[in-house]
Structure formats: structure tokens, C-alpha cells
Amino acid sequence: MTARRIFALTRLAAAAVCLAALIHRLAWGLSSQTIAGQNFLAYLTVQSNCAFVLLLIVAGVIAFRRRADPRWLTIALALVLTWTITAGLAFALIVWQAGLRGIRVDVPWSDQVMHFWLPACTALAWTLTPGHRRVSWWVVPASLAYPLLWGAVTMWRGPLIGWYPYYFLDPRQVSGFGEFAVTAAIALAMFAAVATVLVIISRLRPLRWSGRSRRHEEPE
């Protein structure tokens, strides 16, 4: 079996694991009464992991059929990885801060998979994927579009239902607009930083896996 087919199977397996984690997280949240069903899809982590599942399925099928990923797929993977990795970093900070304040935060296996293991393993696989393409720098500002849109919808929806997916977005749980603005700026900086690292990695790694020389790469 070729390396390309192995990565195809890996992508499909990762999609299955992510889907199982999403289902378990919903069931766990409902059973523990830590989330209302209608709010499950409001989390950035859940939305980005739903996109992750769909994209990995598409990527797996393409890996079976083509020797190299099309450029749009590499860009899409870079964007989705940016969102899932950043969500994992933010979740780790939330759990850490809760521990400092003596607040108990239960982290089921599904949260660990979605926030930590899958993003880390997929990012590693992404850098080694046969037929991988370089990522353009415009992906860095583009990676901020979804978090900004998600944030705008969340801040519009929050006052209507009296609920926010993350405490730092809730005006009742922060000291004021200043704290909210600083937290939002830090979050956007994290998205940009993760996207920058992925772009750099994609450009440093030679495309030697596909069996073709670099002169056959698609132009930027």
C-alpha cells in the first residue's frame, strides 16, 4: 500500500473518530445537564469540528483518487486546522484558569479528543501528507473571518436567549468592555499565530512525497 493510500485511510479514520467524539460530547452534555441541546452547535469548537469531519472525508476520498491534493483542499485544511487548534489552546487556558480559581471543570474523553488529540495529530499528519501543497500568506487574515463572524452572531444571539458559549463573552461575567476587548484581541491573535505557523510549516517542508519534483508544483 502506498503512502498516499495510508494517509487517505488515516484521514477517513480521523473523521470517524471526530464524529464519534461529537456525538459523545452531545450525549454527555445532555446527560450531565451542562448544555442545552439547542446550544450545542453554538460552540466554535463544535462548529469547527463539524467542518473538520466533512473536510477529512473529502480529503480522504481525494487522497485515494489523486496523487496530490488540489490547492483549495490544502488551504481549506489549513483554515480548519487553525480554528480547531486555536479552540484547543483556548479550552486549555479556560481549564487552567478554572483550576486556579478552584472551579471544577469536567473534561470527558470526547473533549480531549476534539480539543487536543485530533488537532495535534492531524496537524502533524498535515505536514507529512504526500502530495501536500504550500499555503499562501493570505490564509492568515482569511483565518480570522470565521471567528469574527461567529463572534458577531454569538454577541447578537446572547442577549436574546441569555446564554453565551464562553464565559468571557458574557457581559455579566467580565469586568467591562475593556476586559472583553482585550480577551477578544488575544483570541484573534492566537488564530493569526496558529495560521502563521501552519503557513510557515507548509512552505518549509519539501514536496517530495508525491514522486514529482518541485518544478511540477502549481504556481502560487
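Using a distance-only test at 3.5 Å, with no hydrogens or angles considered, a donor-acceptor pair links the side chain of Trp150 to the main chain of Ala42. When atom types are taken as modelled, the side chain of Thr86 and the backbone of Trp83 share no donor-acceptor pair closer than 3.5 angstrom. Under the 3.5 Å distance criterion, the side-chain polar atoms of Arg134 are left unmatched by any main-chain donor or acceptor of Ile201. The backbone N or O of Ile57 lies less than 3.5 Å from no partner atom in the side chain of Arg11, so there is not a single donor-acceptor pair. Counting only distance, with no hydrogens or angles, the side chain of Gln112 and the backbone of Trp117 share no donor-acceptor pair below 3.5 Å.
Connectivity analysis of hydrophobic side chains (ILVMFWY, heavy atoms under 4.5 Å, direct or indirect) links Trp28 to nothing; its cluster partners are none. Counting side-chain heavy-atom gaps under 4.5 Å among Ile, Leu, Val, Met, Phe, Trp and Tyr, the cluster of Leu149 also holds Val153.
Tyr164 is linked by a side chain to side chain donor-acceptor pair (under 3.5 Å) to nothing, counting only residues two or more places apart in sequence or in another chain. Partners of Arg172 according to the salt bridge (Lys or Arg N to Asp or Glu O under 4.0 Å) rule, which considers only residues two or more places apart in sequence or in another chain, are Asp170. For Ile161, the side chain to side chain contact (heavy atoms under 4.5 Å, CB included) test picks out Asn39, Arg157, Trp163, with sequence neighbours left out. Take Trp156 and apply the side chain to side chain contact (heavy atoms under 4.5 Å, CB included) test, not counting sequence neighbours, and it matches Leu160. Partners of Cys121 according to the side chain to side chain contact (heavy atoms under 4.5 Å, CB included) rule, which considers only residues two or more places apart in sequence or in another chain, do not exist here. Every side chain to side chain donor-acceptor pair (under 3.5 Å) that Trp109 has, sequence neighbours left out, goes to His24.
The ring-ring contact (aromatic ring centres under 6.0 Å, His included) pairs that include a residue from residues 46-74 number zero, where partners must be two or more places apart or lie in different chains. A salt bridge (charged side-chain N to carboxylate O under 4.0 Å, His left out) check over residues 75-88, counting only residues at least two apart or in different chains, returns nothing. Residue pairs meeting the salt bridge (charged side-chain N to carboxylate O under 4.0 Å, His left out) criterion with at least one member in residues 108-126, sequence neighbours excluded: Arg25-Asp111.
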Working for side-chain contact (heavy atoms from CB on, under 4.5 Å), residues Ser110 and Leu22: CA-CA 7 Å; Ser110 49; Leu22 284 166; over 6 Å; no
Using the side-chain contact (heavy atoms from CB on, under 4.5 Å) rule, take Tyr146 and Thr82 through it: C-alpha gap first, then chi angles, then the decisive distance, then the call. CA-CA 11 Å; Tyr146 164 61; Thr82 295; over 6 Å; no
For residues 181-199, tabulate all N or O donor-acceptor pairs below 3.5 Å that involve a side-chain atom, not counting sequence neighbours.
from, atom 1, to, atom 2, distance (Å)
Thr183, OG1, Glu179, O, 2.8
Thr196, OG1, Ala192, O, 2.8

